[in-house]
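The next block holds one structure in the form of structure tokens; read it before the comments.
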Amino acid sequence: MPELPEVESVVRAQRQWLVGRRFVDFVSHWPRNAAPSAAAVREALVGRMVADVWRRAKYIVVTLAEDEAARPGSSRRPEASAGSRSASNSGRRSAQQSAGYLLIHLRMSGRLEWFTLPKGDGATAAKWPAGSPAHVRAEFEFDNGGRLLFCDARKFGRIAWTRDLTSVTAHLGVEPLDDEFRPAMLRELLQSRSRALKPLLLDQSLVAGIGNIYADEALHRAGLHPLTPSDRVEPEAVKRLCSAIRAVLRDAIRRNGTSFDWVYPSGTMQDHLRVYGRTGAACRACGSAIVALRVGQRGTHICPRCQPLPRGRAAEGRALRSGSARV
DNA sequence: TGGTATGTTCCAAA
DNA sequence: TTTTGGAACATACC
């Protein structure tokens, strides 16, 4: 269920439960998706306290507090005492004081779910009671007995521990909700290459966090066709696109994201989408039927009236080559 | 049965 | 060099 707003919603929901908690165990049921290895992640986590939970692009970032007193072998603190909020602020910025970072990427179908085993029967993931969460790929166990499950039907999700956060995030582009993301910056990104707009918006190394749903939504709000060559977008349209991106992401965060099928049930943005998944329905702006096409191998939804394809050989050539000419 | 799916990464081809 | 397409990852749903 992962795009920026959904990940942000998860982060906000989990932060209050996680900050100040201490890891007592980590178990992977799909070790291939743990980096550098499931054993290394376990070694890095056990005994560590969570200093902060935040987001970079579509990554959930858990900052681990550096306090040697609490490593395995020493006594466990009974309850998380102070330090949650104050620790979080420093933990986010000063890498030197952190014991590294746990990174979780949900990819296509990952989700986090709290689960408490029935007491006393020594149940394990292998023999959980009926009604337990499905597709559990990893378990994080905490000092209060809580168990955070990483569930992921498609097994695309990733769990990683790193001491050097930038080694993982260096390739990521600007956060679209950051102050620095302004029309001038977007214009430079668009002008510096000649690509169809939608694939460009999905490129995490340029703008980080936008996925298929919100790319479609932002382009519709801006009145731009997804195949528009990036270097042919007029300054006024760049402005519209910039605010459309920010507006749709903020809007979605406010509604806790978009709920899709069985994967992510908690948001309400799906009731307010203007084009994504609305093939054949009436455009909320002009009443025309929403049309589905294929752009860069991704399902794409547009209003043909609100988002006309700009005239010109470049755009038409791209449309034909990408197979989007149908429908 | 086949086509689809919110993501990322790799490779080949244009 | 840049951009695009395809496949791969693995599973569930319609």
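None of these values were measured; they are calculated from a predicted model. Residue numbers begin at 1 in each chain, while the letters A, B, ... track the order of the sequences.
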Rounding to a whole Å, what distance do you find between [X]:[atom1] and [N]:[atom2]?
{"X": "A/Leu202", "N": "C/dG5", "atom1": "CG", "atom2": "C1'", "result": "15 Å"}
{"X": "A/Ile104", "N": "B/dT8", "atom1": "CD1", "atom2": "P", "result": "16 Å"}
{"X": "A/Ile60", "N": "B/dG7", "atom1": "CD1", "atom2": "C1'", "result": "14 Å"}
{"X": "A/Leu201", "N": "B/dT8", "atom1": "CG", "atom2": "P", "result": "14 Å"}
{"X": "A/Leu190", "N": "C/dT3", "atom1": "CG", "atom2": "P", "result": "12 Å"}
{"X": "A/Arg55", "N": "B/dG7", "atom1": "CZ", "atom2": "P", "result": "14 Å"}
{"X": "A/Arg294", "N": "C/dT4", "atom1": "CZ", "atom2": "P", "result": "16 Å"}
{"X": "A/Leu227", "N": "C/dT3", "atom1": "CG", "atom2": "P", "result": "15 Å"}

Closer than 4.0 Å, any side-chain N/O of [X] to the OP1 or OP2 of [N]?
{"X": "A/His105", "N": "B/dG7", "result": "no"}
{"X": "A/Arg195", "N": "C/dT2", "result": "no"}
{"X": "A/Gln204", "N": "B/dG7", "result": "no"}
{"X": "A/Arg298", "N": "B/dG7", "result": "yes"}

N-O pairing of [X] and [Y] below 4.0 Å:
{"X": "A/Asp216", "Y": "A/Arg274", "result": "no"}
{"X": "A/Glu8", "Y": "A/Arg12", "result": "yes"}
{"X": "A/Glu6", "Y": "A/Lys58", "result": "no"}
{"X": "A/Arg147", "Y": "A/Glu141", "result": "yes"}
{"X": "A/Asp152", "Y": "A/Arg111", "result": "no"}
{"X": "A/Arg254", "Y": "A/Asp251", "result": "yes"}

(message) Can you pull out the residues from residues 271-285 of chain A that lie within a 4.0 Å heavy-atom distance of DNA chain B?
(response)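 DNA chain B contact set from residues 271-285 of chain A: A/Tyr276.
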(request) Not counting sequence neighbours, list each pair that qualifies as a salt bridge (Lys or Arg N to Asp or Glu O under 4.0 Å) and has a residue in residues 182-194 of chain A. (result)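 For residues 182-194 of chain A: none.
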(message) A/Phe150: which residues meet the ring pair (Phe, Tyr, Trp, His ring centres under 6.0 Å) condition with it, sequence neighbours left out?
(response)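 Here no residue qualifies.
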(request) Could I get the full list of ring pair (Phe, Tyr, Trp, His ring centres under 6.0 Å) partners for A/Phe142, not counting sequence neighbours? (result)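 Expected list: A/Phe23, A/Trp114.
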(message) Counting the atoms with a prime plus P, OP1 and OP2 as sugar-phosphate, which does A/Gly299 contact under 4.0 Å by heavy atoms, base, sugar-phosphate, or nothing?
(response)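 Sugar-phosphate: the residue A/Gly299, judged by heavy atoms under 4.0 Å, touches backbone atoms but no base.
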When you compare the protein's N or O atoms with those of nucleotides 7-9 of chain C, which come within less than 3.5 Å of each other, and at what distance?
unit_1	atom_1	unit_2	atom_2	d
C/dC9	O3'	A/Arg32	NH1	3.4

(message) Could you check whether any side-chain N or O of A/Thr228 sits under 3.5 Å from a backbone N or O of A/Pro226, counting only pairs where one atom can act as donor and the other as acceptor?
(response)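 No, because the side chain of A/Thr228 does not come within donor-acceptor range (under 3.5 Å) of the backbone of A/Pro226.
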(request) Please confirm whether the backbone N or O of A/Leu197 pairs with a side-chain atom of A/Ser230, one donor and one acceptor, at under 3.5 Å? (result)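 It does not hold such a pair.
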(request) Fit a plane to each ring of A/Tyr59 and A/His105, take the angle between them on a 0 to 90° scale, and name the class: parallel (under 30°), tilted (30 to 60°) or perpendicular (over 60°). (result)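 If you compare the ring of A/Tyr59 with that of A/His105, the planes turn out perpendicular.
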(message) Distance check, P atoms only: C/dT1 and B/dT8, in whole angstrom units.
(response)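 Those two atoms are separated by 26 Å.
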(request) Identify which nucleotide among B/dG7, C/dT11, C/dT4 has an atom closest to any side-chain atom of A/His135, counting heavy atoms from C-beta outward. (result)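 Of all the options, the side chain of A/His135 is nearest to C/dT11.
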(request) Write out the stems for DNA chain B, ordered by first number and formatted as range with range, counting runs of at least 3 consecutive Watson-Crick or G-U wobble pairs under 3.5 Å. (result)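 Result, WC/G-U stems under 3.5 Å: B:2-5 with C:11-14, B:7-14 with C:2-9.
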